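Start at 1 and go down the list; that is how both ligands and their atoms are numbered. Note that the coordinates shown come from a computational prediction; the quantities given were computed from them, not determined experimentally.
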Amino acid sequence: MRGIIRIMQFQTLLVASVFSILLQSRCITAAESLRERISINNDWRFTRDDPVAGTMDSATDRLTDNLDYPLNPGRGGRGGRGATTVPTVDPTSGIAAYILPTGNDFIADPAKRYARPVGNFGENVPYVSPTFNDADWRKVDLPHDFAIEGPFSTSSGGGMGRLPSAGVAWYRKHLAIPASDAGKQIYLDIDGSMSYTTVWCNGQIIGGWPYGYASWRVDLTPYLKFGGENVLAIRLNNPPNSSRWYPGGGIYRNVWLVKTAPVRVGHWGTYLTTRQVSSSSATIDLEVMIDNNSENNATIGVTNQIYALDAEGRKTGDAVASVEPVEAAVAAGASATVKGSVVIANPRLWGPPPNQRPNRYVAVTTVSHQGKLTDCYETPFGIRDVRFDPDWGIYVNGERIYLKGVNMHHDLGALGAAFNYRAAQRQLEMLREMGCNAIRTSHNPPAPELLELTDRMGFLVMDEAFDVWVRQKTPLDYHLVFPNWHEQDLRALVRRDRNHPSVIMWSFGNEVGEQYTGEEGAALAKRLHDIVHEEDPTRPTTTAMNWAKPNMPLPEVPDVISLNYQGEGIRDDPAYSGLRGIRTSPLYPAFHEEFPDKVILSSENAAALSTRGAYLFPVIDGISAPVKDGLGGDPKNQYVSAYELYTAEFGSSVDKVFASLDKHPYVAGGFVWSGWDYLGEPTPYYLSRSSYFGIIDLAGFKKDRFYLYQSRWRPDFPMAHILPHWTWPERLGQITPVHVFTSGDEAELFLNGKSLGRKKKIFDTPGQAMNGEPAYRIRWGDVIYEPGELKVVAYKDGKEWATDIVRTAGNASQMDLKPDRATISADSRDLSFVTLTVQDSNGIMVPRANNLIRFSVSGPGEIVATDNGDATDFNIFSSHDRKAFNGLAMVIIKAKRGQTGPIVITAESDSLPAVTCTVLTR
Ligand code: GAL
């Protein structure tokens with residue numbers, strides 16, 4: 001809205017006029033054309049860096065305006081114990097003065113909103129001028145991550161992923177706005193842009209937003225030429241040392257043009273909650289914020305109807321309920337909120353599989369003014385009852401749902417941070433196959449479509465806002481803008497996401513430095529907690545704590561206690577003695593005792609490490625140990641053993657986490673660090689490009705750990721999984737331990753047909769303290785290697801349950817290519833992930849094959865990226881040549897926009913016959 005919005009609560013009148021009854025049918029075409037949400041992802045122009053000196057102010061030969069958001073880097077280290085840096089520069093000077101007003105709708109106190117300065121900023125910079133000739137700039141489609149193009153750099157630390165994500169980038173877009181749009185409001189909605197983004201329209205500065213993970217909107221209306229060409233110029237500047245993981249760079253999420261009438265539903269203006277939920281009835285409470293951007297006071301009519309959605313998100317059948325129509329007065333230039341409630345009989349509830357279904361509904365809101373329909377707005381939602389019980393955990397619709405969750409960063413591996421629906425869906429599908437039912441969006445607001453996916457698929461979500469508050473973790477991270485932006489960022493997150501049934505709690509922080517600042521830190525936590533509850537009183541808040549103890553002030557603030565690693569203990573086992581750093585004994589009991597009314601969960605656990613398919617010897621006898629050179633770690637190749645027993649120094653193996661959770665059944669479950677490998681943070685080998693924490697590697701290949709989680713999280717799914725592979729010509733006659741993950745309770749192992757013994761899931765390694773205790777894997781620790789066949793037969797309750805076989809491979813002699821989907825849509829965004837396997841002549845994967853593969857395509861398709869999951873591979877992802885890693889490589893294919901037919905993918909490699917497969921595009 002123009003100027004400063006005053007949110008005014010008007011008395012609403014419950015008047016069911018004849019007119020509003022007429023509007024109770026669905027959105028009609030005329031109204032739909034009044035609100036349009038148009039994707040403007042395609043055909044942008046892009047360049048790196050600001051214009052070179054000499055092209056601007058001839059007198060000074062410099063950019064006349066400093067286009068950088070004022071930041072004041074300070075001193076300090078990770079954890080923030082010693083350091084706090086609050087910007088000392090005036091955030092309302094320079095370009096910040098034009099950017100801060102963009103967030104006004106998310107500042108509750110009108111007195112604290114920012115007045116927009118008169119004039120323009122940056123007008124002398126040629127790139128913002130509508131007449132600037134950008135024909136030489138690169139053509140790109142959004143979402144776009146410029147950093148993923150590489151190259152990888154070896155010079156700096158690997159925390160941010162070794163890719164060139166820092167620096168300035170410009171995007172320009174030419175937009176035709178028809179004359180018939182005159183009189184409408186036109187907004188630019190940016191779902192995410194990394195970072196410190198500023199928007200100009202036709203040479204005039206409009207606004208912007210610093211936080212790269214925020215979704216935000218600017219109003220283009222006053223600056224547009226109706227019936228002509230308009231030019232958007234967008235600049236962003238991503239600071240170095242601003243993140244602990246790979247942030248990506250560029251406009252990396254979707255961008256929309258939203259057109260509405262002046263009197264319409266406000267930005268994220270609906271809020272639906274459900275109560276008194278049962279299978280026979282549920283009450284829906286609904287609030288709708290109406291903006292009046294017209295010159296006149298308006299009396300408006302609002303109707304709301306509820307329809308069921310099918311699994312694809314399409315409206316089905318007639319309305320199942322209608323909220324009593326409402327009339328309200330909205331003053332010119334102001335907003336008003338109307339409220340209503342409706343009871344639905346026999347609702348189809350939203351709940352997580354396998355026992356429930358993620359059924360959804362949509363509320364269709366219409367707004368009418370002076371007898372005319374002016375808006376029609378749809379809010380998908382779900383009806384569910386979520387209950388938090390401090391002794392039993394989380395209940396959804398009465399069913400206890402143990403959190404089998406994972407942490408996920410936002411990058412999509414070889415695709416970088418550029419959001420892609422299919423890639424995100426594939427991640428969730430594989431996690432679902434493992435039995436995962438919950439996601440923590442570590443440590444920032446996710447792409448909006450991720451939550452659409454979690455709604456659809458029935459995952460539970462901890463939606464997280466921040467990794468830092470005012471105490472920094474890296475010198476140029478979010479702490480620099482926290483003082484001026486935390487309220488806007490937090491309110492925007494909650495307002496954007498609060499209708500998603502999958503979101504069950506809000507996290508306002510992760511391992512923040514304010515854990516160390518006593519009452520002061522707790523006061524800041526309280527402020528964030530209150531902001532969240534002002535926007536959504538129905539869901540609990542939390543903040544993840546890796547250091548705060550039960551007797552400290554911080555844990556008193558959030559509704560839910562979220563512990564990172566402290567629950568199972570940090571460096572408290574003998575295997576971890578001698579390490580420096582925090583040492584904590586298991587704290588679930590102490591927190592439970594101190595906070596008997598709060599649910600406790602594990603927001604991060606494990607931090608286990610491994611490289612897919614890389615088994616190192618010897619293997620520890622215990623269940624958890626930090627990676628050491630020669631014991632779990634191969635420093636020369638920078639690999640971590642795939643026996644899945646080794647961890648970061650502060651971490652615990654999967655087995656140890658399971659044991660700890662089983663000892664403390666009141667814990668609501670938790671979130672593994674991490675679901676997938678991600679770019680950056682390559683603990684323990686900081687020379688690598690990507691992490692070792694994932695259960696699934698960066699290319700999307702399952703590590704052995706996948707099956708360990710599956711064995712616990714899907715107890716009714718018959719499965720058994722043997723490790724390691726069985727191709728060890730150099731280990732003839734040597735001890736080569738065999739471990740089995742199974743959802744059974746007992747298993748018998750056979751080597752070349754000879755039984756090596758039937759064992760129960762009980763720890764039984766000689767000399768170990770935990771002998772006789774329940775175990776989560778079955779081990780044969782003294783198997784002497786001989787080539788051939790290893791077979792396991794697993795049992796459950798004495799009955800045969802599942803088997804697995806691994807065989808010794810011969811030399812590599814062929815390749816196999818398999819697409820995850822054989823038909824994709826020709827929209828240039830849908831993807832097929834094609835797996836290449838190097839095999840011997842019998843079709844057995846050659847488990848250490850590293851042949852160089854050359855991929856090519858013919859037909860209406862393109863190679864988007866290749867990968868192999870090797871954290872040390874510095875070959876850029878866009879390369880069509882990729883070495884197999886431990887037998888596997890991945891090529892990601894998309895269709896050329898609008899072109900259909902067969903795409904033929906070919907893989908060639910010296911000494912192996914070429915192989916092809918076909919993916920159809922429709
Ligand atoms: C935690 C942190 C995560 C990640 C993880 C593994 O302390 O919250 O973001 O860094 O450790 O290193």
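- Side chains of Ser602 and Tyr565: no donor on one and acceptor on the other come within 3.5 Å.
- On a distance-only criterion, Glu604 and ligand 1 share at least one N/O pair closer than 3.5 Å.
- Contacts with ligand 1 closer than 4.0 Å are made by side-chain heavy atoms of Phe693 only, the backbone lying farther away.
- Residue-ligand proximity: Asn510 is placed with a non-hydrogen atom under 4.0 Å from ligand 1.
- Considering both main-chain and side-chain atoms, Glu511 comes within under 3.5 Å of ligand 1 through a nitrogen or oxygen pair.
- Relative to the six-membered ring of Phe459, Arg432 meets both conditions, a distance below 6.0 Å and an angle of at most 45° to the axis.
- Asp704 and Ala642 get closest at one heavy-atom pair: OD2-O, 3.6 Å.
- Distances shorter than 4.0 angstrom occur between a heavy atom of Tyr565 and an atom of ligand 1.
- Here Asn564 has side-chain heavy atoms under 4.0 Å from ligand 1, and that is the only part of it that gets that close.
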### Task
Start with the C-alpha distance between Leu601 and Thr542, add both sets of side-chain angles, then the distance that settles side chain to side chain contact (heavy atoms under 4.5 Å, CB included), and finish with yes or no.
CA-CA 10 Å; Leu601 58 83; Thr542 194; 5.7 Å; no
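- Judged purely by atom type and a 3.5 angstrom limit, His443 has no side-chain atom pairing as donor or acceptor with the backbone of Glu464.
- Note: an N/O pair closer than 3.5 Å links Arg244 and ligand 1 by distance alone.
- Below 4.0 Å from some heavy atom of His443 lie the following atoms of ligand 1, by number and element: 3 (C), 8 (O), 9 (O).
- Under a cutoff of 6.0 Å and an axis angle of 45°, Arg612 and Phe885 do not form a cation-pi pair.
- Looking at Phe146 and Ile148, their side chains never come closer than 4.5 Å, going by heavy atoms from C-beta outward.
- Of all atoms in ligand 1, listed by their number and element, those nearer than 4.0 Å to a heavy atom of Glu681 are 4 (C), 6 (C), 10 (O), 12 (O).
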